[in-house]
Amino acid sequence: MKFATKLIRNGNEIDKYTGALSIPIYQASTYDQRGVEGEALYEYSRSENPTREALEKTIAILENGTRGFAFSSGMAATSSVLALFSAGDHILICKDVYGGTYRAATQLFTRFGIESTLVDMTSKKEILNNIRENTKGIFLETPSNPLMKITDIKMVVEIAKRRHFITMLDNTFMSPYLQKPLDLGVDIVIHSATKFIGGHSDVLGGLVVVKDEILGKRIKFIQNSFGAVLGPQDCWLLLRGLKTLKIRMDYQQDSAMKLASFLQNLPAVEKVYYPGLENHAGREIHFAQASGAGAVLSFETKTNEAALEFLKKVEGVVAVSLGGVETIISYPTTMSHGSMPDAVKNDLGISKRLIRVSVGLEDTQDLMNDFSKALEAN
Ligand SMILES: *Cc1c(COP(=O)(O)O)cnc(C)c1O
């Protein structure tokens with residue numbers, strides 16, 4: 001079955017009790033246990049909830065995994081996964097990882113004795129050089145945020161498998177439609193479902209998928225113990241958003257490609273970062289492991305002032321987040337990566353001239369007109 005069909009028909013789209021074509025929002029915290037012989041199907045909603053279960057089973061199928069887990073946000077998903085590690089463990093994290101992941105790893109998990117090193121994952125040598133005796137895991141994000149750096153997933157998996165490291169990959173930018181990390185040997189896939197999966201800028205959520213049964217049990221234990229589960233209403237919104245994931249992504253990606261090419265030729269623009277562009281570093285690796293370039297791009301203006309002027313003049317939404325139906329323009333240096341020290345940002349190339357764009361469902365020509373007007377006279 002092809003992905004488009006799986007989004008609509010995967011065995012979890014019809015309510016088992018009523019036949020409803022939309023899984024009801026089971027707004028219940030607890031379930032009657034009288035007369036239940038053996039183990040009850042549902043007991044308490046932190047452990048199991050039918051709406052959440054439908055979402056968890058759906059995302060597991062879409063990522064070609066065996067178990068899915070829904071969390072209250074992308075960061076709750078990431079933090080719950082990082083809770084697999086123990087005091088004394090060390091993990092490698094890709095250098096331009098999402099700012100919130102950077103903050104949790106370097107300011108929160110360090111307090112529990114979990115060490116991490118930021119590594120340029122495009123370099124095998126750098127990865128090998130940073131492995132320590134206590135290294136237990138590798139955390140990836142590709143394409144990375146906001147410079148769209150590409151990591152060779154298979155190369156990292158090979159390094160990790162030989163040493164029994166757990167590999168984790170934040171697949172938010174690609175969604176399960178464009179990239180399936182479990183198929184490439186990654187152990188754990190993480191999504192901020194707030195972005196493309198929800199798709200409408202109206203819900204926070206996080207999803208995790210694994211293939212391995214033991215790993216699945218360990219994450220279930222953390223989900224139930226730590227308790228950062230997603231509520232039924234939000235699960236329902238994600239189930240609804242998922243149904244149109246492919247058609248949204250197809251249009252948004254096509255539009256992103258056109259906008260990236262257009263921006264490249266504007267005099268005020270210094271450089272465009274988008275894996276769909278011929279000259280993008282790592283483009284070949286990207287297309288060997290993903291079926292599309294996605295709908296997020298970044299560009300640098302020639303001066304700091306031009307970037308600030310653009311943010312003032314552009315008619316599109318200037319906000320954090322991405323993956324919505326509306327084009328969302330953000331300024332990584334103060335927004336998504338605001339929690340990074342300046343020295344780290346400089347090292348990564350996140351300058352005051354860098355603007356990130358998540359392309360939405362507007363008419364592409366209207367976006368081009370808006371962008372060129374806002375960049376004029378700069
Ligand atoms: C937004 C985002 C997150 C965090 O997700 P929340 O739902 O905001 O907690 C993690 N990774 C990436 C790549 C993101 O864009």
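Values in this document were obtained by computation on a predicted structure and should not be read as measured data. Both counts, for ligands and for their atoms, begin at 1 and track the order of listing.
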Identify all N/O pairs between ligand 1 and the protein with a separation under 3.5 Å and present them as a table of atom names and distances.
| unit_1 | atom_1 | unit_2 | atom_2 | d |
| --- | --- | --- | --- | --- |
| ligand 1 | 5 (O) | S192 | OG | 2.9 |
| ligand 1 | 7 (O) | G74 | N | 2.8 |
| ligand 1 | 7 (O) | S192 | OG | 2.9 |
| ligand 1 | 7 (O) | T194 | OG1 | 2.6 |
| ligand 1 | 9 (O) | G74 | N | 3.0 |
| ligand 1 | 9 (O) | M75 | N | 2.8 |
| ligand 1 | 11 (N) | D170 | OD2 | 2.6 |
| ligand 1 | 15 (O) | K195 | NZ | 2.7 |

>> Going by the rule salt bridge (Lys or Arg N to Asp or Glu O under 4.0 Å), which residues pair with D183 if we only count those two or more places apart in sequence or in a different chain?
In response: K211
> Within a radius of less than 6.0 Å around CZ of R283, do more than 12 heavy atoms belonging to other residues, nucleotides or ligands occur?
Replying inline: yes
> For D342, what residues pass the side chain to side chain donor-acceptor pair (under 3.5 Å) criterion, not counting sequence neighbours?
Replying inline: none
> Does the distance from a Lys or Arg side-chain N to an Asp or Glu carboxylate O, for R9 and E13, drop under 4.0 Å?
Replying inline: no
>> Using a 4.5 Å cut-off between side-chain heavy atoms of Ile, Leu, Val, Met, Phe, Trp and Tyr, which other residues end up in the same hydrophobic cluster as M75?
In response: Y98
> Are the side chains of F71 and I219 in touch, meaning some heavy atoms are under 4.5 Å apart?
Replying inline: yes
